Every structure is written in structure tokens, then in C-alpha cells.
Amino acid sequence: MLPNKTHLSRQMVVVSLFWRTFFLLAALLMGSMLAWLMTLRALDFTPRAIQTAQQIASQVNLSRAALVHADPIARVSLIKAMAEQERMRILPREPSDQHLPFDRDSLSQSIAEELTKILGPSTVVARSVNGVDGLWVGFEINGDANWLQLDHERFNPASNKTWLIWLCTIGALSLAGAALIARLINRPLKQLSFATSRVREGDFDASHLDERGVTGEVREVNIGFNRMAQKLAKIEQDRVIMLAGISHDLRTPLARLRLETEMSVADNDAREHMVADIGQLDAIIDKFLDYARPGHAKLNTVSLNDVLESSLYAVLDYEDMRINLTVDEPLKVLADEVELGRVISNLLENARRYGKSPDTGIAVVDIAAKGREDWVLLKVRDHGRGVDPEQLASLSKPFFRGDAARTAATGAGLGLSIVDKAIQRMGGEFELTNTASGGLAAHIKLQRAPKS
């Protein structure tokens with residue numbers, strides 16, 4: 001049981017090729033974007049700080065020179081024009097002024113340091129003076145301290161919010177591109193996976209791939225797969241024809257042997273044994289024909305209750321078999337009616353041969369069916385000795401017989417194989433388990449027919 005749990009845990013964490021490709025491309029793109037962003041900011045950081053500081057210093061020097069060389073009458077007009085046209089105000093700097101340093105981030109701090117280098121150590125750079133926001137530069141004109149208030153927006157670098165918006169936009173576009181690329185890469189493999197599943201189910205007609213692929217590698221794979229599927233279809237067809245031909249050819253001499261035995265053999269016991277052997281050979285041929293049927297079936301809406309009733313009618317008169325049927329509601333399934341009847345008959349035959357109770361020698365078979373949303377669950381259980389747990393997985397293999405079956409082998413070893421193959425052809429699931437109280441249980445899962 002431990003290996004099975006490990007296998008299931010591995011299956012649960014398997015990621016599809018599309019998502020794996022998408023995550024790898026997304027990680028590569030996001031990493032490249034972050035590296036590009038950090039490189040851009042590093043290369044742009046110092047030149048931006050120097051350029052901004054030089055522009056501010058130029059305005060300070062021009063303002064100082066204009067005020068120094070202007071006469072007192074023109075100085076008032078100059079200050080007014082600077083405030084109205086250039087949004088630059090020159091105010092006297094008082095010792096009681098309260099200001100906040102211009103160092104909100106690393107770029108602002110670099111601009112302030114660069115201005116101090118250019119204009120001198122007495123320069124003060126602030127972002128607010130007496131509660132008034134702006135870009136304030138403290139400088140001296142002929143020994144008088146003054147403030148130059150500039151519009152902060154003219155030197156405002158791109159904020160972190162702006163960078164974040166651009167990063168999210170580029171990231172979303174990159175992820176959309178990664179999803180498109182992953183889908184284009186995954187599409188041929190997805191088509192190949194679907195075609196492989198159809199070949200596994202025996203539907204060779206639906207497994208054809210496009211041989212006009214965009215890339216040479218995909219085109220070669222599709223051509224090779226189509227040729228392989230065609231060859232497998234021909235092998236399957238030849239196998240069916242060969243088995244059908246052999247079975248047909250054997251039936252004629254068997255019929256003659258039966259007729260000659262009944263007419264020529266005088267001993268009643270010998271005649272009955274010979275006729276029984278011939279009947280067994282005929283039944284084995286039927287098993288071969290059942291197993292050799294094509295790998296897909298035409299599904300129709302079938303009443304499970306009616307199929308169970310018709311299958312049980314043939315075994316009601318058996319003295320060594322007793323049936324307990326539990327079906328609480330009318331159930332409709334998607335199945336081939338003949339195939340489904342053959343499945344139930346084979347399970348009943350298997351239970352009668354190998355599922356008899358050790359105490360009474362009677363095969364007690366419990367049949368229960370119930371609906372579960374899109375599925376119908378059918379359980380056929382006997383009360384015999386059960387099967388060795390190591391042999392459960394092999395019981396549905398062709399020509400395999402369990403220990404109890406080998407001691408009284410009267411068939412071809414294909415009964416449960418036919419059941420498993422028929423259930424798969426109808427899109428269902430088949431599983432054999434030992435019950436806790438003894439006996440073998442066959443669990444069948446069939447598609448439930450949609451309600452009309």
C-alpha cells in the first residue's frame with residue numbers, strides 16, 4: 001500500500017506542461033524586468049541628481065545676479081514678474097523660520113548635497129518653510145539671507161508609485177505574452193496527448209494529427225505518429241479477422257464431432273463427457289470472439305434495471321447459486337446493451353465457478369446499484385474465499401487464473417479480461433477488491449445517461 005500512496009502523492013503535485021512553461025517564462029520575464037529596472041535607476045540616478053541640482057543652482061545664481069544689479073525701483077517689479085511668470089518667489093529669511101529638510105528619498109538627498117557643493121556650505125535646501133510646501137533654497141545676497149521658493153513639480157522626479165504602475169503594466173503584458181507563447185508551445189503536445197489516448201482506447205480514426213505543422217520537428221512527429229496509428233489499426237484489423245476466421249473454421253469440425261459423438265458413442269457417460277468437452281471448446285471460442293471485438297462501442301441510453309433483470313433470468317434455475325439484488329431506483333446508463341449484458345453474465349459465471357461459500361457450496365451473489373451525480377456505481381460481490389491480494393491486479397489480464405481458478409480451470413481465462421475491456425470501451429471503470437468479510441467484489445463505474 002505504501003508505494004501506491006507515494007505514487008498518488010506524486011501524481012497530485014504534477015503540473016501540466018502549459019503551466020510549467022508559463023511559470024518559467026514568467027519568472028524569466030519578471031527577473032529581466034526587475035534587472036532592467038534596477039539598472040535603469042542606477043544609471044539614471046546620479047545624472048538626474050546632478051542635472052536637477054545644476055538647474056536649481058542656475059536659477060539661484062541668475063536670481064541673485066538680477067537682484068544685485070537691479071536698482072531698488074526695478075527690483076520690486078523684477079520680484080513680482082518672477083513670481084507671476086516663472087513661479088519663483090524671493091522672500092527674506094528670518095531666524096525664526098521653521099523648515100523641513102529636502103531629503104524625503106535618496107534622490108532628493110543627492111540633489112541637496114549637490115546644491116550645497118555648487119552654492120556653498122551655507123546653502124539650505126528645504127521642502128517646506130513655515131508650513132508652505134515647495135522647493136526652498138536658502139542663499140545670501142550681499143550678506144542678507146533670503147529664500148528662493150521654486151515650484152516643486154518642475155523638479156519632481158518620477159515617484160515610486162509611477163514606477164510601480166509602469167512595472168505592473170509591463171508585468172501584465174509580459175505575463176499575457178508568456179501565456180500566449182506557452183499555449184503555442186503546448187498545443188502540438190496537447191493534440192499528441194489526445195491522439196495517444198484515442199489510440200489507447202482503440203479509436204484509430206480520431207487519432208489523426210495535422211501533418212502540415214508550422215515547425216519541421218512537429219510535422220515529423222505528427223507524420224510518424226499517423227503512420228504508427230495506421231499500422232496499429234491494420235494490425236488490429238488483421239487480428240480480429242484472423243481470430244474470427246479461426247473461430248469460424250473450428251466450429252464446423254466441432255459441430256461434426258458433436259453429431260458423430262451423439263450418434264456413434266454407445267456409452268452414455270462417455271458420450272455426455274465428450275459432448276461436454278465439445279461444448280467447453282465451443283464456449284472458449286466464444287470467449288476468443290468476445291475478446292477480439294473492436295476497441296470502441298456505440299453508446300446509447302440503456303436501462304440498467306432491464307439489463308440486470310434479463311441477465312439474472314438465465315441463472316435463476318441454478319441450484320448452486322442464489323442472487324440478492326438491491327436497486328432502489330430506475331437507473332439509466334450510457335452503454336452498449338449487449339456488451340453490458342455480457343459483462344454481467346461473465347461476472348455471474350465467474351462468481352458461480354469460483355465464489356461458492358466453503359460451508360454450503362452455494363454461490364451467494366449480492367448485486368447493488370446506485371446513482372451518483374454523473375455516474376452509476378454497480379457492485380457484484382460473492383461470499384467465497386476471495387483472492388490473494390497480490391493477484392488482484394492480474395485477474396483482469398488475459399489468460400490469467402488465480403489459485404482457485406487453476407484447480408478447476410474450465411475456461412480460457414478471458415472472462416474478467418472481457419469485462420475489463422468492455423467497461424473501458426463504454427467509458428467506465430472496473431476494479432476488483434477483496435471484501436472485509438470474505439469474498440471478491442467487482443466495482444463498476446458507468447456513465448449516467450442525461451435526464452430527458
Side-chain angles (χ1 to χ4, degrees), residues 33-171 173:
M33 286 168 50
L34 290 176
W36 168 82
L37 178 62
M38 298 302 296
T39 303
L40 181 62
R41 295 197 66 177
L43 295 176
D44 182 63
F45 186 83
T46 302
R48 181 188 291 268
I50 296 175
Q51 183 181 11
T52 303
Q54 289 176 348
Q55 289 178 357
I56 297 172
S58 298
Q59 292 191 6
V60 171
N61 291 329
L62 288 174
S63 301
R64 177 190 289 144
L67 293 175
V68 168
H69 296 289
D71 56 71
I73 297 176
R75 185 177 299 175
V76 175
S77 300
L78 178 60
I79 293 175
K80 184 178 180 180
M82 291 173 61
E84 292 178 351
Q85 298 178 10
E86 297 296 332
R87 290 184 295 178
M88 298 169 53
R89 298 174 59 197
I90 297 179
L91 303 172
R93 179 180 172 189
E94 303 294 339
S96 60
D97 290 342
Q98 296 181 357
H99 65 275
L100 298 177
F102 188 72
D103 57 356
R104 291 180 299 178
D105 51 42
S106 56
L107 180 59
S108 300
Q109 187 176 1
S110 298
I111 293 174
E113 293 175 355
E114 193 67 26
L115 275 174
T116 303
K117 293 179 183 178
I118 298 174
L119 298 177
S122 61
T123 304
V124 178
V125 184
R127 70 173 185 270
S128 175
V129 175
N130 297 327
V132 180
D133 294 333
L135 176 55
W136 297 79
V137 181
F139 67 100
E140 294 182 354
I141 301 178
N142 294 332
D144 297 330
N146 294 273
W147 286 111
L148 175 63
Q149 182 188 11
L150 301 173
D151 185 6
H152 188 273
E153 297 298 328
R154 297 173 61 181
F155 305 97
N156 188 27
S159 63
N160 291 331
K161 184 178 180 180
T162 304
W163 283 105
L164 182 61
I165 293 175
W166 277 104
L167 184 63
C168 292
T169 303
I170 297 174
L173 294 176

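Bear in mind that the values here come from a model prediction, so they are computed numbers and not experimental data.
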*Asks:* Please tell me if the side chains of Leu91 and Trp136 come closer than 4.5 Å, counting only heavy atoms from C-beta onward.
*Replies:* yes
*Asks:* Mark yes or no for whether Asn61, through its side chain, and Ala57, through its backbone, hold a donor-acceptor pair below 3.5 Å.
*Replies:* yes
*Asks:* Counting C-beta onward and ignoring hydrogens, is there a side-chain heavy-atom pair between Leu119 and Val137 closer than 4.5 Å?
*Replies:* yes
*Asks:* Roughly how far, to the nearest 0.5 Å, is OG of Ser58 from CD1 of Ile118?
*Replies:* 7.5 Å
*Asks:* Nearest 0.5 Å, please: how far is CG in Asn130 from CG in Leu100?
*Replies:* 10.0 Å
*Asks:* Is any side-chain heavy atom of Leu150 closer than 4.5 Å to a side-chain heavy atom of Ile56?
*Replies:* yes
*Asks:* Quick one: are Met88 and Leu148 in side-chain contact, heavy atoms under 4.5 Å?
*Replies:* yes
*Asks:* Is the backbone N or O of Gln149 less than 3.5 Å from a side-chain atom of Arg89, with the two atoms forming a donor-acceptor pair by type?
*Replies:* no
*Asks:* Which pairs pass ring pair (Phe, Tyr, Trp, His ring centres under 6.0 Å) with one or both residues in residues 75-101, sequence neighbours excluded?
*Replies:* His99-Trp147
*Asks:* Might you point out which heavy atoms bring Pro101 and Arg127 nearest each other, and give the distance in Å?
*Replies:* O-NH1, 2.7 Å
